[in-house]
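To start, the structure under review is shown below, and the notes come after it.
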Amino acid sequence: MLDLHFVREHPDVVRDAIKKKRENEEKANVSKILATDERRRALVQQAEVLKRERNAASEEIGKLKREGKDASTRMAEVRRIGDDVQALDRQLAEVEAELTSLLEWLPNIPNAKVPVGDDATQNKEIRKHGEPRRFPFKPKTHIELGASLDVFDFPRATKIAGSGFYVGKGWGARLERALINFMLDLHTREHGYVECQVPVLSNRTSMRGTGQIPKLESDMYGIDGSTQFLIPTAEVPLTNLHNGEMLKESDLPLYYTGHTACFRREAGAAGKDTAGLVRVHQFNKVEMVKIVRPEESEAELESLLLNAEEVLKRLRITYRVVLLCTGDLSFGSAMTYDIEAWAPGLERWLEVSSCSNFGDFQARRANIRYRGADGKVKFVHTLNGSGLALPRVLVTLVETYQTAEGTVQIPDVLSPWLAGGGLVIDAPKRIVP
RNA sequence: GGAGGGAUGGCAGAGUGGUCUAAUGCGCCGGUUUUGAAAACCGGUGACCGCAAGGUCCGGGGGUUCGAAUCCCUCUCCCUCCGCCA
């Protein structure tokens, strides 16, 4: 959420952001907000004048009564004021609710470093790590490998739950578990994050806090008449750990990581990536969240990105880092880097991580503040990034490390997390060693 | 699931219809003192809205009243006990 003062004082900056982000100008409506704010301030003034009168009169009545005098005419008068106050307060509550819901539709302002552009084609490549691997044979896709090695089962997942799910089986499941532990250990032992086990269900307040509600409500699975939702990312519970809290400056920065299942309807993506692991309704993800002082958030984004990249470096997977242009930037983000890993079988780059700086956008919504050394209350800045999304890492891993024989050579770096197991995925019942 | 108790500023905690403009303590900030620090003493110190005067806020919402932290209803959360249970 943007600061109302900021919107009032810099409406053009906000309008510019809406345009550059290709947001719906009907819903993200600055003029309507300014008009509603005017109405609200007029009502506040009217109500306050009356309240002042009422307070003075009530005090007087108290005095009269203590002195044993009659106060009935005064009381009748004040009663009328009270009725007016109540009517004004009702109107004010309505206008304020309207204003808040309008404000919730305003996107965050992009950082000045973000290139202006319409869509993903205008994103800017920042760096590349490794080269796409060349094969002396035609590499298979993870779907083909998954079937021949019996490690990913899509038809049976569809039978159980519907389309857009997968079953990891044998090495497929084991490898995913090893990757999760590898990532969590890296982030906790070497990058300074505190691991959290969090609910995969969150309420409306939390969803509003991180910005999923109102804009993305229809992309989530609601529970119990939509009082709670399955989380689309652990960003929601991890950031909302501190919802409504007043932190001490010495508490900052806070680094959290956690592994959860994530659930997405992918409502707008019907017909896209329908086969395989690339786009599924339920997937595992290791997430990193940072809660930091405002002056540090830009540098914290860079280190967050490096933390995510480190996973791919150690797995020796080819990737590139892309700075999203304004048109591709998400609603609440001020600046986002995507990490895209190369999938040799599919022959395309896959987004395995998205690292964003939200500035104070989420902090305002979730009311996460801290008291500075000077005693002043300020909003924190929040950041988050995937570290990483599991299914797509599995895709790039098995496609990258496949052999001419149709087996998969698992990178050595994972061996500590595959205790007792070999490092080659072979056809069923011939697991090596 | 049943019964009871509770929610007050950054924290602890008093306050059961009228100077509550919320006591007091801790913490925090400043000062005095000190070579420096601690201690002691003195002073200051909530959030939000408003250009300001001022107004609002005692878990959320609603009600009673001239007037609500205080009374009533309701929701949420926490605690104690009982039951059930991974």
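Remember, it's a predicted structure, so these values are computed and weren't measured experimentally.
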Using atom [atom1] in both nucleotides, what's the gap between [N] and [M] to the nearest angstrom?
{"N": "B:G60", "M": "B:U8", "atom1": "P", "value": "10 Å"}
{"N": "B:A39", "M": "B:G31", "atom1": "P", "value": "16 Å"}
{"N": "B:G46", "M": "B:G10", "atom1": "C1'", "value": "9 Å"}
{"N": "B:G9", "M": "B:C73", "atom1": "P", "value": "24 Å"}
{"N": "B:G2", "M": "B:G67", "atom1": "P", "value": "37 Å"}

key: A:Glu9 CD: over 12 foreign heavy atoms closer than 6.0 Å   =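 Count over threshold, so yes.
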
Mate of B:G67 where both pairing distances stay under 3.5 Å, Watson-Crick or G-U =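 Looking at the geometry, B:G67 pairs with no nucleotide.
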
In whole angstrom, what separates [X]'s [atom1] from [N]'s [atom2]?
{"X": "A:Glu77", "N": "B:U65", "atom1": "CD", "atom2": "P", "answer": "18 Å"}
{"X": "A:Glu59", "N": "B:C66", "atom1": "CD", "atom2": "C1'", "answer": "13 Å"}
{"X": "A:Ile81", "N": "B:C66", "atom1": "CD1", "atom2": "P", "answer": "13 Å"}
{"X": "A:Asn55", "N": "B:U19", "atom1": "CG", "atom2": "P", "answer": "11 Å"}
{"X": "A:Arg80", "N": "B:U65", "atom1": "CZ", "atom2": "C1'", "answer": "17 Å"}

message = Quick check for you: among B:C66, B:G55, B:C51, whose closest atom lies nearest to any side-chain atom of A:Ile61?
response =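 Minimum distance to the A:Ile61 side chain belongs to B:C66.
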
